[in-house]
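Just below is one structure, and these are the notes that go with it.
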Amino acid sequence: DSEGDVWGIGYNTAGQLGFLDTNTNSIGMWSKIYEKVRLIGVTANYTVVVTNDNRILYAGNNLISSTTTLGWNDITSSMGEVAVDSIDTLYCTDGMMHIKTADGSLYAYGRNMNANAGVTGVSGVISVATKVSGLPSAVKDIRYTFSYGSVLCQFDTTSVYGWGRNVNGELGQGNAAAVPAPYLLAGASIVIGTSYNATAIVSGTGTLVTCGGQNNGQLGNGIT
């Protein structure tokens with residue numbers, strides 16, 4: 001709210017609302033879960049906040065292991081070269097968080113499952129925020145297709161790079177191999193969208209292109 005208080009409601013099965021009581025599996029009314037916050041990131045299983053006094057904390061599923069730690073965990077010291085006051089966007093998916101700074105740089109922190117960190121040469125846990133290299137310009141937007149999955153990253157040039165899980169061909173390579181480092185998706189893009197395991201891009205020519213899984217007909221070509 002306008003005071004910087006964060007309110008939560010709903011599931012707390014992984015402690016994602018920050019409550020310490022292990023019996024608090026859900027909250028049926030709006031409850032204040034943190035205060036003096038300027039940024040927030042949310043997934044089904046964890047919540048991240050950046051505070052006005054330049055700390056970063058999360059509650060819920062542990063970002064660097066498969067365990068759950070109840071309550072709020074201060075990870076400010078794990079931000080490495082990232083100045084917390086420079087963070088302007090948090091992109092969150094299960095087990096992984098990407099952090100964008102004011103200059104458009106991108107950093108990864110968390111469990112690097114299916115190469116979704118985009119950090120070259122790293123296959124395991126990223127316990128200190130690490131810069132995603134090989135990106136051509138300032139980051140504009142990120143979309144995730146699937147938990148622990150692939151990443152689409154759009155830049156201020158409108159180009160789109162992808163990396164990570166590709167088991168349904170959602171990165172449009174013509175195969176199902178994971179992509180460990182950012183690579184350019186063919187053609188300029190003006191809009192990106194994702195679903196459970198599919199990707200859609202509107203190109204600079206106004207053409208809509210799709211790729212990936214279509215078990216529910218989500219690619220719109222009349223088949224599953």
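What you see is a predicted model; the values in this text were computed from it and never measured.
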Could you tell me if the side chain of [Y] sits less than 4.5 Å from the side chain of [X], heavy atoms only?
{"X": "M79", "Y": "Y107", "value": "no"}
{"X": "C153", "Y": "P182", "value": "no"}
{"X": "C92", "Y": "Y58", "value": "no"}
{"X": "K100", "Y": "I142", "value": "no"}

Which heavy-atom pair separates [X] from [Y] by the least distance, and what is that distance?
{"X": "L39", "Y": "T89", "result": "CD1-N, 4.0 Å"}
{"X": "A108", "Y": "M96", "result": "CB-SD, 4.1 Å"}
{"X": "A115", "Y": "P180", "result": "CB-CA, 3.6 Å"}
{"X": "S86", "Y": "A83", "result": "OG-O, 2.6 Å"}
{"X": "K36", "Y": "D5", "result": "N-OD1, 4.1 Å"}
{"X": "F19", "Y": "I27", "result": "CE1-CG1, 3.6 Å"}

About how many Å separate [atom2] of [Y] and [atom1] of [X], when rounded to the nearest 0.5 Å?
{"X": "E81", "Y": "T130", "atom1": "CD", "atom2": "OG1", "result": "8.0 Å"}
{"X": "D85", "Y": "N54", "atom1": "CG", "atom2": "CG", "result": "4.5 Å"}
{"X": "E170", "Y": "L152", "atom1": "CD", "atom2": "CG", "result": "9.0 Å"}
{"X": "I33", "Y": "I40", "atom1": "CD1", "atom2": "CD1", "result": "5.5 Å"}
{"X": "Y109", "Y": "I75", "atom1": "OH", "atom2": "CD1", "result": "4.5 Å"}
{"X": "D88", "Y": "I99", "atom1": "CG", "atom2": "CD1", "result": "11.5 Å"}

[X] side chain to [Y] main-chain N or O, any donor-acceptor pair under 3.5 Å?
{"X": "T51", "Y": "R55", "result": "yes"}
{"X": "N166", "Y": "N175", "result": "yes"}
{"X": "R111", "Y": "D94", "result": "no"}
{"X": "D141", "Y": "Q154", "result": "no"}
{"X": "Q16", "Y": "A44", "result": "yes"}
{"X": "N114", "Y": "N116", "result": "no"}
{"X": "S133", "Y": "K131", "result": "no"}
{"X": "N112", "Y": "A117", "result": "yes"}

Connected via hydrophobic side-chain network under 4.5 Å: [X] and [Y]:
{"X": "V37", "Y": "I9", "answer": "no"}
{"X": "M97", "Y": "V128", "answer": "no"}
{"X": "L185", "Y": "W163", "answer": "yes"}
{"X": "V160", "Y": "Y91", "answer": "yes"}
{"X": "L63", "Y": "V125", "answer": "yes"}

Salt-bridged, D156 to K140, with N to O below 4.0 Å?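 No, no charged N to carboxylate O under 4.0 Å.
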Answer yes if the side chains of N61 and T68 hold a donor-acceptor pair under 3.5 Å, and no otherwise.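 Per modelled atom types, N61 and T68 side chains form a pair under 3.5 Å.
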Applying side-chain contact (heavy atoms from CB on, under 4.5 Å) between I56 and each of V49, V82, T76, report the one that passes.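 That would be T76.
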Aromatic contact, F155 with Y161 (centres under 6.0 Å):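 When the ring centroids of F155 and Y161 are compared, they turn out to be within the sub-6.0 Å range.
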